[in-house]
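The next block holds one structure in the form of structure tokens; read it before the comments.
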Amino acid sequence: MSARVAVAGAGPAGLMLACELRLAGVETVVFDRLPDRRPHPPGIGLNAASVELLTRRGLLDTLREHVMPLPVLQFAMMMLDNTKYPERDQPVVLLQSHLEAALEARALELGAEIRRHHEVTSVAQDDDGVTVGLNASGESRQERYRFLVGCDGADSTVRRRAGIGTTSASVPFRGITGEVEASFADLTGLPIGGAYFPAGGQWMCLPVGPDVFRITTSEFGIEPDDPAAPVTLDELRSAVARLTGGALGEARPRWLERTGCRLVRADSHRHGNVFLAGDAARLIFPLNGLALNNALHDAANLGWKLGAVIAGWAPSGLLDTYAAERGSANDRVVHAVTAQVRLCHAEAEAGGLRALFTELLALDEVSQHLAGMLSGNDVSYDMGTGPVEHPLQGAILPPGLLKSTDGALDQAMRAGRPILVDLSDSGAWGSATTGWADRVRAVAARGEYDTGAGALLVRPDGHVAWVATPEQSLEDLRTALSRWFGRQV
């Protein structure tokens, strides 16, 4: 066995994880049961935290031509003005197909191996690693890895073969998503963007190319006559009419698929040397792109930690923090999505709730709270050390907060390195990282506004692990360095 990580599933979670593992120097192989990338993956948006993550890694630059700004967030199709928070990046419209292509290209550039038409059939683990059974283009074989990560979706084979249980739930639901060729004249009377309709559901229509629109209909409380039957254009027209009361004009479908409304929650993100990420750990109804965004942040959280273990410098218990941190963050998203699903039922059931929420959203504090939740920027982890009262402690580093004149900060972020950002004039904080120089890069920078911090210790996933305030000492910094990045050498 070589010290490698196997990743099952070449979707956003698996490909992002492959990139993160390669940045950490880990030999990585990605298996996917399909012979090619999915032609029509469903995702269509990135929230602000994911935009910032891809920007830190230099990936968003390769996607600029496919990105459309999205200045408005919605909670159950009740709109929030996201432009009130200019210090953070804005969410964007981005087709998942473009994202997956960019992630695959970067993973290959970094040296990951991607094996398509390879399906995981069995998982057997011991204290030292995992034996993975594979069906490789019709040929059965077994391979040995140090760790296995299941990024293979809601019906994850890895999860089942590893013996990780689930809880699941669903509601009666009829949904269609797809792309149609149409002109704006063909959509007269139908809202562009998203909307709730009192009949009990959501409508979304977004331009994704010249005379091409992504259309989604979501009807709660009813089910399709035949869930296994292919979707027809007439069925889409009927759904549009029921929801909106309007008519879809001349339209030529490129593809149409059924969608469901179910929750699948794994009992754990980890069992021994087997981990879960993305939909394999939590499947949620696709609102605000939260499922796609969760997948990217699962990968960013897990990748550097697996790399630390394989490199031999991980402190005790580092891998346990993955399940603790991401489990808590994902549970919060589950609660937010569940609430939105209830609010999107028919007016007879949800009308009173929607009226109350409309009043609440007029309050800046409520609007800001929900915007932070939907953007992902309010995710904060318990770092175990440091000034817990400081707003940056455990939070995601704001993108415009720090500047370094020599570009060293951006380079370190792109490389996925832990960073000690020294904001002092003396450079004393940075000098304390000498015993961790093989892992942690010290960078001198200045703050664009006063944060009350003399230095920031930033993990590879962008979360601030420690903040130097007047009450903190060099010994406190060394404690934080040891907690997250192992013993000094």
* To do: Dump the intermediate steps for salt bridge (charged side-chain N to carboxylate O under 4.0 Å, His left out) on Arg459 and Glu325, then the final yes or no.
  => CA-CA 13 Å; Arg459 304 191 322 186; Glu325 292 176 349; 3.0 Å; yes
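- Expressed to the nearest 0.5 Å, how far CG of Leu60 lies from OG1 of Thr55 amounts to 4.5 Å.
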* Output, in order, the C-alpha distance, side-chain angles, deciding distance and verdict of salt bridge (charged side-chain N to carboxylate O under 4.0 Å, His left out) for Arg56 and Asp410. => CA-CA 7 Å; Arg56 282 196 299 274; Asp410 290 341; over 6 Å; no
* Steps toward salt bridge (charged side-chain N to carboxylate O under 4.0 Å, His left out) verdict (Arg37, Glu104) -> CA-CA 10 Å; Arg37 282 201 306 271; Glu104 180 173 337; 3.1 Å; yes
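- In this structure, CD on Gln340 lies 9.0 Å from CD1 on Ile284, to the nearest 0.5 angstrom.
- Contact of the Phe285 side chain with the Val171 side chain is not registered, since no non-hydrogen atoms from C-beta on lie closer than 4.5 Å.
- Using the six-membered ring where Trp is involved, Phe213 and Phe184 have ring planes that are perpendicular, over 60° apart on the 30 and 60° scheme.
- Looking at Val388 and Met383, their side chains never come closer than 4.5 Å, going by heavy atoms from C-beta outward.
- Between Glu179 and His40, the closest side-chain pair of non-hydrogen atoms is not below 4.5 Å.
- Side-chain contact between Leu370 and Leu80: present, with at least one pair of heavy atoms (C-beta onward) separated by less than 4.5 Å.
- Residues Leu276 and Arg270 are not in side-chain contact: their nearest non-hydrogen atoms beyond the backbone lie 4.5 Å or more apart.
- Under the 4.5 Å side-chain criterion, counting only non-hydrogen atoms from C-beta, His269 is in contact with Asn330.
- The pair Glu235-Arg258 meets the salt-bridge criterion, since a charged nitrogen lies less than 4.0 angstrom from a carboxylate oxygen.
- Ring geometry for Phe485 against Trp304 counts as tilted: the plane angle lies between 30° and 60°, on a 0 to 90° scale.
- Once rounded to the nearest 0.5 Å, the distance linking NE2 of His66 with OG of Ser97 reads 8.5 Å.
- Using a 4.0 Å cut-off between charged nitrogen and carboxylate oxygen, Asp152 and Arg159 do not count as a salt-bridge pair.
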* Would you please test Glu100 and Arg38 for salt bridge (charged side-chain N to carboxylate O under 4.0 Å, His left out) and show each step? => CA-CA 9 Å; Glu100 289 184 1; Arg38 290 177 297 172; 3.0 Å; yes
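- In this structure, the separation between CG on Leu420 and CG on Leu477 is 5.0 Å, given to the nearest 0.5 Å.
- You'll find the side chain of Arg106 reaches within 4.5 Å of the side chain of Leu59, heavy atoms only.
- In this structure, the side chains of Ile176 and Thr259 stay at 4.5 Å or more apart for every pair of heavy atoms.
- Using a 4.0 Å cut-off between a side-chain N of Lys or Arg and a carboxylate O of Asp or Glu, Asp331 and Arg282 qualify as a salt bridge.
- Within the cation-pi definition used here (under 6.0 Å to the ring centroid, within 45° of the axis), Arg354 qualifies as a partner of Tyr196.
- For the pairing with Trp466, the side chain to side chain donor-acceptor pair (under 3.5 Å) check across Gln472, His390, Gln393 returns one residue only, Gln472.
- Once rounded to the nearest 0.5 Å, the distance linking CD1 of Ile192 with SG of Cys205 reads 4.0 Å.
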